[in-house]
Amino acid sequence: MIASVIVDVAARQTDRMFDYLVPNELADTIVPGVRVHVPFANRNVQGFVMKLHNEPQIAIEKLKPISDQLDLTPPVTEELLLLSEAIKEETLSYHISVLKAMLPAAMRASYDKELYLEEEDPELTGLFVDGVIASWNEFTKQAPENDIQLITRHIRKGTIRVSPIVTTKDARKKQLQVTYVQEPDLTQFSQAKKQLLLSEYLLTCEIGTSFTLKGLAEEANVTTAVINQLVDKGVLKKDYATVGRDPYAGRTFKSSVPMALTEEQQESIRPIEEAFQTNKHETFLLHGVTGSGKTEIYLQSIEQVLDKGKEAIVLVPEISLTPQMVTRFKSRFGSRVAVLHSALSKGEKYDEWRKIREGKVDVVVGARSAVFAPFTNLGIIIIDEEHEMSYKQEEAPRYHARDVAIKRASYYNCPVILGSATPSLESFARAKKGVYTLLSMQERVNQTAMPPVHVIDMREELQNGNRSMFSTSVLEAMQDRLAKKEQMVLLLNRRGYSTFIMCRDCGYVAECPHCDISLTYHRNDQSLQCHYCGHRETIPTVCPSCQSDSIRFFGTGTQKVEQELAKELPDARVIRMDVDTTRRKGSHEKLLQSFEKGEADILLGTQMIAKGLDFPNITLVGVLAADSMLHLPDFRSAERSFQLLTQVAGRAGRHDKQGEVFVQTYTPDHYSVQDVKTHNFLSFYEKEMKMRQLAGYPPYYFLAVVHVSHADLNKAVEVTTNIASYLRRSLSDSAKIYGPSASPIPRIKDRYRYQCMIKYKIEPNLHHVLQELIESYQKEIMKTDLQLHVDTNPYMML
DNA sequence: AGCACGCCGACT
DNA sequence: GTCGGCGTGCTC
């Protein structure tokens with residue numbers, strides 16, 4: 001038998017299947033989807049068995065045997081194998097990258113080398129322990145450069161032998177067992193009653209039967225000592241069998257019951273139920289205003305799915321995978337829920353993943369990668385906040401969880417729910433076209449009105465002499481809530497203290513020497529840091545350009561607001577939530593709990609506070625700088641701005657107390673601000689669609705971007721120019737090719753970045769053209785330090 | 001991606 | 001002559 005294997009070597013030239021012989025001892029257990037170790041070139045690598053067959057692609061004598069099988073149950077199911085192929089094609093990724101993205105990190109192989117001293121050499125004394133360096137990876141981390149060079153010389157000479165090691169978490173456990181190999185001669189046991197007893201039992205079994213030690217001892221009613229005696233006599237043989245690991249220990253949870261649905265909710269859930277009950281694949285766009293009870297729809301749809309013995313995947317943006325959210329699912333479905341998110345350690349993620357694969361749970365709540373949960377009988381996939389960018393993976397494989405979800409659901413003939421208060425333009429346009437089914441919920445469950453939104457023109461404030469970051473009305477409102485002991489949320493989409501430093505005399509701005517981006521001031525260590533390459537330097541006291549001392553900080557971050565708050569409202573208790581205060585595990589949870597308990601009046605934070613918070617006592621939401629994300633060089637900036645403002649506005653007055661929202665902006669007339677004021681998604685949608693149509697962006701056109709980077713500016717431009725003309729030649733006339741153009745950040749880590757954008761409507765050949773493009777630059781990528789990558793559905797234009 | 005093979009210059 | 005530079009090409 002021959003196995004076709006995708007090996008763990010991410011390169012264009014190895015991105016295909018390699019055939020291996022399946023050794024006899026694996027013939028019974030090997031199946032497509034299992035991980036294996038295989039000899040590849042002169043080392044061992046991990047690989048995935050894709051298929052088993054009997055037609056080798058090359059002469060059978062040249063085939064090497066698989067050296068080890070790592071799983072009994074394939075971690076990649078048949079469906080996922082198929083899916084991996086489709087994703088590879090669509091995202092132009094290496095097959096191995098897709099397969100690895102489907103599994104928890106703990107299951108990936110790690111590669112190392114062992115060094116053996118073959119000949120004593122005085123130069124090398126002290127470096128080897130008993131003639132061995134057990135881990136080359138560890139060694140190179142600590143050893144001085146000289147020693148490493150010395151050793152590489154000796155490897156060439158042959159005084160040191162290198163042995164490559166591959167280690168992988170083995171999902172099997174080796175267990176001692178005994179196998180019945182030879183019929184016993186009963187006559188020899190006249191003096192050994194127990195051995196006779198065991199022998200008689202064995203005679204009722206077939207030769208070749210295996211037992212666990214404990215199992216046989218129990219069945220034959222003897223002790224293990226007796227078994228060992230028969231092992232000595234050659235009747236039984238000891239060996240090691242591979243068995244699955246022990247089942248996972250269960251837990252208990254306190255439960256919640258389904259809530260009664262409003263009429264609107266019932267109308268929304270009915271078509272979903274129908275699709276599910278009739279095994280119909282259908283994608284629903286559940287457009288429900290904040291507080292309209294989307295989560296309850298999810299919960300009750302899942303309940304139906306579970307009742308039928310099927311499984312459910314719930315995707316949530318990483319940022320809102322809050323304990324609050326998880327609790328809602330856990331308290332409804334208890335130990336049937338697995339949770340996959342980045343706060344878990346590698347091992348914890350692996351444990352959760354195993355619960356899924358072993359069928360111990362039937363609901364998964366998780367971030368993007370949970371879309372690959374290895375269920376085999378899916379009944380529904382739900383994507384909450386479907387407009388969130390975090391569903392698009394920005395590194396290879398560049399997949400979008402929404403596309404993957406729809407593909408999986410179509411395989412299982414089951415529904416997908418895309419839920420959002422502010423759907424992406426793409427999804428809403430598809431719903432209007434009838435590709436998705438639109439379900440709309442425009443009322444809040446508890447009948448509270450949407451909070452009034454006040455737009456505050458900060459230009460006026462400035463004219464009236466208010467130079468602070470709080471407008472007079474916001475300050476007054478905050479004082480009012482403070483007096484009433486109500487809570488507030490303040491959003492500022494920028495962490496840190498201030499964003500950049502500038503010389504007032506000559507306009508000099510501190511920039512990173514390696515990237516074309518201004519440096520950010522970090523207050524805690526009084527440094528200037530580059531966001532992209534980590535470069536840091538000390539703050540200049542005088543302007544490096546004109547020697548004046550008028551160096552000032554500009555821009556505002558959460559840290560600075562916190563300080564200002566202390567000045568303006570000295571009695572207010574403030575909790576600041578941003579990447580810096582939530583970096584530690586569990587701190588996110590702790591801060592929110594403390595706010596919920598009323599230990600603070602103001603929750604100040606970046607976008608992470610905009611999603612999913614549901615606290616009854618919040619009656620004021622303030623957005624301090626609404627235009628901070630409006631002017632980014634990205635065609636989605638208006639959409640994102642509207643989404644963020646709507647989301648955060650939805651935090652106010654969700655319960656019996658009326659809430660109020662203040663939006664401070666320098667562009668009060670922009671439609672993304674105005675339509676937040678009127679809570680009018682449709683109006684925003686219409687206007688933004690017109691803009692997209694005019695500019696030729698999604699959803700009217702599809703996009704693909706080719707990114708090029710090189711240390712040499714001329715080279716980068718030259719290559720991108722060639723690519724652009726190649727694309728113009730190869731694609732249809734209706735495709736628009738833009739470029740070469742510099743990326744929005746033209747240089748990162750001393751590499752110049754250029755890009756070429758493709759806008760198209762129908763281009764059936766696109767993937768082939770791009771594939772060939774990549775291949776034709778293969779040589780150049782290998783010998784120069786050219787880097788080239790393609791994104792067939794870009795989200796971040798930066 | 002590694003790594004061996006192989007062909008050129010600068011040293012004992 | 002040999003050591004060691006890195007360009008080229010292969011991995012079942």
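Order of the sequence lines sets the chain letters (A, B, ...), proteins ahead of strands, with each chain counted from 1.
dA1(B) atom P lies 12 Å from atom NZ of Lys100(A), rounded to whole Å. Separating the CD atom of Gln778(A) from the C1' atom of dA1(B) is a distance of 11 Å, rounded to the nearest angstrom. Tyr94(A) has its OH atom 12 Å from the P atom of dG2(B), to the nearest Å. Arg156(A) places its CZ atom 11 Å from the C1' atom of dA4(B), with the value rounded to the nearest Å. Summarising the geometry, the separation between CD1 on Ile781(A) and P on dG7(C) is reported as 17 Å, rounded to the nearest angstrom. We find that CG of Asn137(A) is positioned 11 Å from P of dG2(B), with the value rounded to whole Å.
Residues Gly47(A) and Val5(A) come closest through the heavy atom pair CA-CG1, 3.8 Å.
For the pair Arg43(A) and Phe40(A), the cation-pi test (distance below 6.0 Å, angle within 45°) is failed.
A donor-acceptor pair is defined here as one N or O able to donate and one able to accept, closer than 3.5 Å; such a pair exists between the side chain of Lys392(A) and the backbone of Asn793(A). Arg408(A) places a side-chain N or O within donor-acceptor distance of the main-chain N or O of Val371(A), the cut-off being under 3.5 Å. Side-chain N or O atoms of Thr792(A) include none that pairs as donor or acceptor with a backbone N or O of Ala704(A) at under 3.5 Å.
Using a 4.0 Å heavy-atom criterion, one finds that Lys113(A) contacts the sugar-phosphate atoms exclusively. Ala10(A) comes within contact range of the sugar-phosphate backbone alone, with a heavy-atom separation under 4.0 Å but no base atom that close.
For an aromatic pair to be called close, the ring centres must be under 6.0 Å apart, and His95(A) with Phe48(A) fails this.
Remark: Glu352(A) does not engage Lys349(A) in a salt bridge, criterion side-chain N to carboxylate O under 4.0 Å. Between Arg398(A) and Glu90(A) there is no salt bridge, since none of the side-chain N atoms of the basic residue sits less than 4.0 Å from a carboxylate O of the acidic one. Residues Glu511(A) and Arg747(A) are not paired through a salt bridge, judged by the lack of any N-O separation under 4.0 Å between the basic side chain and the carboxylate.
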Within the sub-3.5 Å range, which N or O atoms of nucleotides 10-12 of chain C have a protein N or O partner, and how far apart are they?
{"from": "dT11(C)", "atom 1": "O3'", "to": "Ala41(A)", "atom 2": "N", "distance (Å)": "3.1"}
{"from": "dC12(C)", "atom 1": "OP1", "to": "Tyr20(A)", "atom 2": "OH", "distance (Å)": "3.3"}
{"from": "dC12(C)", "atom 1": "OP1", "to": "Pro39(A)", "atom 2": "O", "distance (Å)": "3.3"}
{"from": "dC12(C)", "atom 1": "OP2", "to": "Lys64(A)", "atom 2": "NZ", "distance (Å)": "2.2"}
{"from": "dC12(C)", "atom 1": "O3'", "to": "Asp19(A)", "atom 2": "O", "distance (Å)": "2.8"}
{"from": "dC12(C)", "atom 1": "O3'", "to": "Lys64(A)", "atom 2": "N", "distance (Å)": "2.7"}
{"from": "dC12(C)", "atom 1": "O2", "to": "Asp19(A)", "atom 2": "N", "distance (Å)": "2.8"}
{"from": "dC12(C)", "atom 1": "N4", "to": "Arg16(A)", "atom 2": "NH2", "distance (Å)": "3.3"}

Taking protein heavy atoms under 4.0 Å as touching, what does nucleotides 7-12 of chain B look like 5' to 3' if B marks base contact, S marks sugar-phosphate-only contact and - marks none? ------
